[in-house]
Amino acid sequence: MPELPEVQTVCDGIKDFVIGARITNAKIINKKLRIEIPKSIEKLSGTEIQQVRRKAKYIILELNNDKLLVIHLGMSGRLTIDQNIIGDYYHKKSNSQKHDHLRISLDNGYTLTYNDTRKFGLIDLIDSREESSYKYFKHLGYEPLSENFTKQALEDICKARTKNIKATIMDASLIVGVGNIYACEALFRAGILPERPAKTLSSKELERLRQAIISTLEDAIKAGGSTIQDYANPNGEAGYFQHSFSVYDREDQECKICKNKILRVKDSGRSTYYCKKCQK
DNA sequence: AAGAAGCCCTGATAGC
DNA sequence: TGCTATCAGGGCTTCT
């Protein structure tokens with residue numbers, strides 16, 4: 001379940017291995033994902049990867065042919081770096097090959113593999129000039145870690161909104177990158193009940209929430225940073241900041257602040273964890 | 001227009 | 001033991 005911090009960690013982790021490298025071979029192993037992997041990806045041999053960046057929860061590889069390789073990890077997607085042994089001979093040690101979908105061999109001896117058991121991810125190849133009009137990008141909301149995500153921005157989002165605050169901050173057309181885990185964590189950190197309609201939050205509460213969203217994501221990125229090595233390590237696996245979750249997946253356990261039991265409720269099919277005493 | 005529900009998928013787990 | 005039912009969840013599509 002990668003969210004923004006995990007996606008950022010993956011971007012940071014693969015950078016050293018792919019930037020400046022040329023693709024020697026791109027092989028689609030299983031095209032079935034959220035959308036079919038376009039065949040055009042197999043014609044990328046000779047192309048250089050110039051930059052790696054994140055947009056919402058998408059990973060973007062900038063190529064030197066004015067194309068962007070767009071990757072979304074969905075629920076269970078993984079990008080791993082393995083070392084080729086001889087030329088294109090592929091020696092994968094990091095995890096099972098069972099759900100491999102795409103394998104990109106590079107001229108520096110490394111192989112980038114996309115693996116996704118649940119097939120909720122996406123891999124696409126688009127023209128760099130169409131980035132802003134791309135179907136999956138054009139409706140994206142604020143980047144929470146950008147300067148655009150101001151106090152005023154969050155107030156405008158919530159001003160007349162009747163749906164609850166948790167669903168609001170998880171809505172990618174409003175704010176990107178905040179999934180179920182970090183929505184629960186940020187609301188706990190801000191001391192706000194998840195089910196409250198967005199428009200009932202005061203200006204002061206919204207500012208507390210904004211700062212909680214930012215700090216929760218930043219802390220998770222910092223924690224992820226210490227596991228960057230693992231992405232390069234064939235045996236490694238970068239995980240969540242899970243040792244420090246305050247409420248997520250802690251039903252019936254003690255609240256770290258007040259010792260009351262953490263509660264779990266279902267909200268539009270998603271589990272929501274919170275502390276009834278610490279969150280108002 | 002906004003919000004809620006449905007759907008995609010597999011593996012882990014619970015229930016019989 | 002081994003089968004079957006349930007659940008998890010991001011994000012798009014469809015319905016209200």
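The figures here come from the full heavy-atom set of this structure, side chains too, leaving out hydrogens, waters and symmetry mates. In what follows, chains carry the letters A, B, and so on, assigned in the order in which the sequence lines appear, proteins first and then strands, with residues in each chain numbered from 1.
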Output for pair (A/C158 SG, A/K199 NZ), nearest 0.5 Å, gives 12.0 Å

Looking only at the side chain of A/T162 (C-beta and beyond, no hydrogens), which of the listed nucleotides C/dG10, B/dT10, B/dG3 gets closest? B/dG3

Do any N or O atoms from the side chain of A/Q279 and from the backbone of A/C275 form a donor-acceptor pair under 3.5 angstrom? yes

Nearest-Å distance, CD1 (A/I169) to P (B/dG3)? 15 Å

Taking atom P of C/dG11 as reference, at what distance in whole Å does atom CG of A/L122 sit? 11 Å

I need the A/I41 CD1 to A/D124 CG distance, nearest 0.5 Å. 7.0 Å

Is there a stack between A/F120 and C/dG10, judged by ring centres under 5.5 Å and planes under 30°? yes

Are there any protein N/O atoms within less than 3.5 Å of an N/O atom in nucleotides 13-16 of chain C, and if so, which ones and at what distance?
| from | atom 1 | to | atom 2 | distance (Å) |
| --- | --- | --- | --- | --- |
| C/dT13 | OP1 | A/K135 | NZ | 3.1 |

Quick check on C/dG9: is either OP1 or OP2 less than 4.0 Å from any side-chain nitrogen or oxygen of A/Y182? no

In whole angstrom, give the distance that lies between atom CE of A/M75 and atom P of B/dG11. 13 Å

Can you check the A/L4 CG to C/dG9 P distance for me, whole Å? 18 Å

Before giving the answer on side chain to side chain donor-acceptor pair (under 3.5 Å), spell out for A/T168 and A/R161 the whole-Å C-alpha distance, their side-chain angles and the decisive distance to 0.1 Å. CA-CA 8 Å; A/T168 300; A/R161 205 159 295 275; 5.1 Å; no

Under the 6.0 Å and 45° cation-pi test, does A/R34 pair with A/Y136? yes

Tell me whether the side-chain N or O atoms of A/R270 pair up with the base of C/dG10 as donor and acceptor below 3.5 Å, since no angle test is needed here. yes

Once you build an axis from the first five pairs and another from the last five of the helix from B/dA2-C/dT16 to B/dC16-C/dG2, how far apart in angle are they, to 10 degrees? 50°

Centroid-centroid under 6.0 Å between A/Y58 and A/F137 rings: yes

If I take atom CG in residue A/D171 and atom P in nucleotide B/dA2, what distance separates them, rounded to the nearest angstrom? 10 Å

Does OP1 or OP2 of B/dC8 have a side-chain N or O of A/K32 closer than 4.0 Å? no

Which residue lies more 5' along DNA chain B, comparing A/N164 with A/R118 via nearest heavy atoms: A/N164

Is the backbone N or O of A/N30 less than 3.5 Å from a side-chain atom of A/H101, with the two atoms forming a donor-acceptor pair by type? yes

Please report the shortest heavy-atom distance between A/L217 and A/L145, naming the atom on each side. CB-CD2, 4.2 Å

CG of A/L174 versus C1' of B/dA1: gap in Å, rounded? 13 Å

Distance in angstrom units between A/D124 CG and C/dC12 C1', rounded: 14 Å

Among C/dC12, C/dG11, B/dT10, which is the nearest nucleotide to the side chain of A/H72? C/dG11

Check the distance between B/dC9's P and A/K98's NZ and give it to me in whole angstrom. 15 Å

Counting N and O atoms only, with roles assigned by atom type, does the side chain of A/D66 sit under 3.5 Å from a partner on the main chain of A/S128, one being a donor and the other an acceptor? no

Counting side-chain heavy atoms from CB outward, which of C/dC12, B/dC9, B/dG3 is closest to A/K163? B/dG3

Salt bridge (charged side-chain N to carboxylate O under 4.0 Å, His left out) with A/K55: of A/E62, A/E143, A/E131, only one passes, and it is A/E131

Please pick, from C/dG10, C/dG9, B/dG11, the nucleotide with the shortest atom-to-atom distance to any side-chain atom of A/H99. B/dG11

